[in-house]
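For reference, the structure is listed below as structure tokens.
Read the numbers this way: they start at 1 and go in the same order the structure lists the ligands and their atoms.
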Amino acid sequence: MDKKNTLTRKDFLKRAGSTALFAALGINFVTGCSSSPTDNNSSGNEGGGGNTGGGSSAITVSGQTTSIDLTHSDVSSLQNSGGWLLITKSSANILVVNIDGSTYRAFSSVCTHTGCTDSWTFSSSEFICNCHGSRFDTQGQVVRGPATSDLPEYGTSVNNDVLTITK
Ligand code: FES
């Protein structure tokens with residue numbers, strides 16, 4: 001194996017390791033700046049280096065309550081308008097979006113079409129379920145089928161930079 005192949009493989013493993021870490025954390029990162037519906041810019045938050053390194057976790061799921069430390073680098077995408085997260089940790093199955101810089105809305109990530117939970121993107125202020133293409137606005141309302149029912153919404157509150165989502 002030549003040196004070029006060795007480096008390529010090393011780079012690959014580095015990237016795969018990051019992806020595995022975020023998958024283990026149950027976090028999918030996506031920035032909300034995508035303007036084209038066909039721009040599948042879901043490769044995520046380039047701040048991916050902001051993992052916890054074994055320290056505190058950005059997201060805590062306890063029963064029906066999910067808490068997100070908004071100051072944590074793992075969830076930095078949520079600090080800006082249009083930033084969003086899909087939270088699969090502990091089967092929380094939550095979509096959360098920063099509406100205007102300080103207002104958050106959270107929804108079930110169980111698509112009301114046939115129940116896909118983890119194939120979401122966010123583009124042009126719409127959540128898109130990539131299983132069959134249903135789209136939902138930032139109020140959880142269906143804007144395009146095949147889904148016919150809105151996404152259930154969860155309560156949100158922010159105190160001391162902690163976003164609490166209550167089912
Ligand atoms: Fe979401 Fe079909 S499960 S569109």
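Sulfur-sulfur distance for C131 and C116: below 2.5 Å, consistent with a disulfide.
There is a side-chain donor-acceptor pair under 3.5 Å between K89 and S57. Judged by distance alone, the side chains of S91 and N93 never bring a donor and an acceptor atom under 3.5 Å apart.
Of the possible donor and acceptor atoms, one in the side chain of D150 sits under 3.5 Å from a partner among the backbone N and O of V142.
The tally of protein N/O/S atoms under 2.8 Å from atom 1 (Fe) of ligand 1 stands at 2.
L86 is listed as a side-chain neighbour of D118, based on a closest heavy-atom distance under 4.5 Å.
Using bins of under 30°, 30° to 60° and over 60° for the plane-to-plane angle, the ring pair W84/F127 lands in the perpendicular bin.
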